[in-house]
Novice: 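Structure below; questions to follow.
Lettering of chains follows the sequences in order, A, B, ..., and the numbering in each one begins at 1. Note: hydrogens, waters and symmetry copies are ignored here, and every other heavy atom, side chains too, is used.
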Number of protein chains: 2
Amino acid sequence: MSDAAERLVLTTQELLWERGYGGTSPRAIQDRAGVGQGSMYHHFRSKADLALAAEKRSTSELIAEAERVMSGPEKPLERVVRYLRLERAVLKGCRIGMLTADPDVIATEALRAPLKEAFDALTTRISALLREAQEAGQLDASLDAHAIATTTMAVRQGGYVLARAAGSTQPYEEAIEGIISLIEARAIGARD
Amino acid sequence: MSDAAERLVLTTQELLWERGYGGTSPRAIQDRAGVGQGSMYHHFRSKADLALAAEKRSTSELIAEAERVMSGPEKPLERVVRYLRLERAVLKGCRIGMLTADPDVIATEALRAPLKEAFDALTTRISALLREAQEAGQLDASLDAHAIATTTMAVRQGGYVLARAAGSTQPYEEAIEGIISLIEARAIGARD
DNA sequence: GTCTATAGCCCGATAGAC
DNA sequence: GTCTATCGGGCTATAGAC
């Protein structure tokens with residue numbers, strides 16, 4: 001990937017996070033990336049094409065980060081909790097979650113698909129850890145691991161929403177501690 | 001409120017839900033409401049002013065609906081569950097939650113405040129029901145009622161996000177059933 | 001690969017007539 | 001109260017030169 005294309009993708013990742021899809025203009029991308037109009041349209045067919053490249057990079061970065069945090073020698077439940085408590089730029093919101101508010105992103109299959117795949121991948125990873133905990137006799141086996149994983153993902157996404165509305169990270173942190181306390185209440189012999 | 005102003009507020013509520021704040025133009029509002037430009041600017045100073053009126057109406061409608069659903073002679077925990085299972089246009093997203101993705105809404109105190117107040121009111125209402133359940137000996141008294149209420153709000157908001165990404169109501173429903181199962185596991189003598 | 005020019009349209013708001 | 005005209009600017013994309 002050429003240097004100009006590289007900078008365009010990086011800049012688009014930033015602007016999609018800050019301003020959303022509808023709020024990000026090709027002009028703004030070019031200005032911040034220091035790349036001319038002709039150059040941008042040489043490398044990317046359209047705004048949607050560039051946004052797709054930015055989305056794909058953001059989702060793979062987020063998945064790689066989650067995988068890093070959920071790996072290690074610790075008990076599976078501890079790794080899920082570590083992921084839940086992962087420090088985040090809460091008031092900036094979720095880079096990919098916020099894109100779901102944009103009607104054009106949702107209406108465009110190509111732009112929606114990476115979001116779905118990313119959430120599916122993260123949910124599956126958490127679900128696998130919960131099942132692992134159940135098989136090791138460390139978590140109530142009667143729980144639906146996939147449902148709890150989905151709930152966990154939802155708490156995080158919803159936490160961002162509440163925090164941005166409040167103008168404070170407090171609701172995010174409270175929601176996270178709430179779900180952790182409910183899950184740990186179903187843990188077996190996990191008191192260290 | 002005059003008939004024109006009334007139609008403008010109603011139409012703006014619809015458009016904010018469908019297209020967001022940045023995606024809703026005064027022109028689009030006027031066209032759908034069947035009200036001319038001059039008329040609109042006679043009743044409302046600006047787009048933000050009209051959006052504020054629409055936001056206020058939407059939040060008071062949502063709070064009234066929640067209050068209706070969480071009232072009744074049933075046990076407090078049942079009323080919380082009934083609220084959680086309340087039928088919703090899931091794929092349209094939350095009318096007010098989605099506005100938190102807009103940077104201009106978040107940056108404008110007047111437009112952010114109604115969102116914060118609505119989420120605070122709903123969280124407080126759920127929290128009160130959870131405490132009521134605890135005082136009646138129907139819910140584990142060691143739980144932090146306010147934190148669980150915040151978690152509950154977050155699950156709903158995050159459920160919308162996951163559902164819109166997936167293009168399916170399934171993740172929303174799964175997340176809701178997950179949190180219900182975790183809360184009911186802390187219920188005392190609630191098996192009917 | 002990158003440049004400038006231009007197209008055609010929409011934006012949010014104001015002015016002043018009626 | 002509602003109308004039309006108009007402002008200065010931004011939007012996404014294409015064309016054709018260099």
Novice: Under a 4.0 Å threshold between the charged nitrogen and the carboxylate oxygen, would A/Arg19 count as salt-bridged to B/Asp104?
Specialist: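 Here B/Asp104 pairs with A/Arg19 in a salt bridge, since their nearest N and O are under 4.0 Å apart.
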Novice: Measure the distance from CZ on A/Phe44 to C1' on D/dT14 and round it to the nearest whole Å.
Specialist: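 The answer, rounded to whole Å, is 18 Å.
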Novice: Which residues, if any, of residues 10-22 of chain B bring a heavy atom under 4.0 Å of DNA chain C?
Specialist: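 The stretch gives none, as no residue of it lies under 4.0 Å from the strand.
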Novice: CG of A/Asp104 versus P of D/dC11: gap in Å, rounded?
Specialist: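 Whole-Å distance recorded here is 15 Å.
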Novice: Looking only at side-chain atoms of A/His43, point me to the closest of C/dG1, D/dC11, C/dG12.
Specialist: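 The answer is C/dG1.
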Novice: Show, in sequence, the C-alpha distance, side-chain angles and deciding distance for B/Glu117 and B/Thr59, and conclude whether the side-chain contact (heavy atoms from CB on, under 4.5 Å) test is met.
Specialist: CA-CA 9 Å; B/Glu117 280 153 28; B/Thr59 55; over 6 Å; no
Novice: Rounded to whole Å, how long is the line connecting atom CD1 of A/Ile29 with atom C1' of D/dT12?
Specialist: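 Taking atom C1' of D/dT12 as the reference, CD1 of A/Ile29 is at 11 Å.
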Novice: Check the side chains of A/Ser71 and A/Glu67 for a donor-acceptor pair under 3.5 angstrom, ignoring hydrogens and angles.
Specialist: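 Their side chains do contain a donor-acceptor pair, which is all the 3.5 Å distance test asks for.
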Novice: Can a donor-acceptor pair be found between the side chains of A/Arg112 and A/Thr108 at a distance below 3.5 Å?
Specialist: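 Note: A/Arg112 and A/Thr108 side chains miss the donor-acceptor criterion.
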Novice: On a heavy-atom basis, which atom in B/Phe119 and which in A/Ala165 lie closest, and how many Å separate them?
Specialist: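 Scanning both residues, the minimum pair turns out to be CD1-CB, 3.5 Å.
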Novice: Check the distance between C/dC11's C1' and B/Asp31's CG and give it to me in whole angstrom.
Specialist: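 Going from B/Asp31 (CG) to C/dC11 (C1'), I get 13 Å.
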Novice: Looking at A/Ser25, I'd like to know whether one of its side-chain N or O atoms comes within less than 4.0 Å of OP1 or OP2 on D/dG10.
Specialist: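 Answer is no, no contact under 4.0 Å.
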Novice: Choose from C/dG12, C/dG1, D/dC11 the nucleotide whose nearest atom is closest to any side-chain atom of A/His42.
Specialist: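 When the side chain of A/His42 is considered, C/dG1 is the closest of C/dG12, C/dG1, D/dC11.
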Novice: Within the supplied structure, the quantity of interest is the number of heavy atoms (other residues, nucleotides, ligands) at a distance under 6.0 Å from A/Arg82 CZ; does it exceed 12?
Specialist: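 For A/Arg82, atom CZ is crowded (more than 12 foreign heavy atoms under 6.0 Å).
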Novice: Can you check the B/Gln30 CD to D/dG1 P distance for me, whole Å?
Specialist: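 Those two atoms, CD and P, are 18 Å apart.
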Novice: Which letters describe nucleotides 13-18 of chain C, given B = protein heavy atom under 4.0 Å from base, S = only from sugar-phosphate, - = neither?
Specialist: BB----
Novice: Enter the distance from B/Leu8:CG to B/His43:NE2 here, rounded to the nearest 0.5 Å.
Specialist: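 So the gap between those two atoms works out to 7.0 Å.
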Novice: So, taking the atom named CD1 in A/Ile179 and the one named CD1 in A/Ile148, what distance separates them when rounded to the nearest 0.5 Å?
Specialist: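 These two atoms lie 6.5 Å from each other.
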Novice: Go through the steps for A/Phe44 and A/Val9 under the test side-chain contact (heavy atoms from CB on, under 4.5 Å), then give the verdict.
Specialist: CA-CA 10 Å; A/Phe44 299 94; A/Val9 172; 3.7 Å; yes
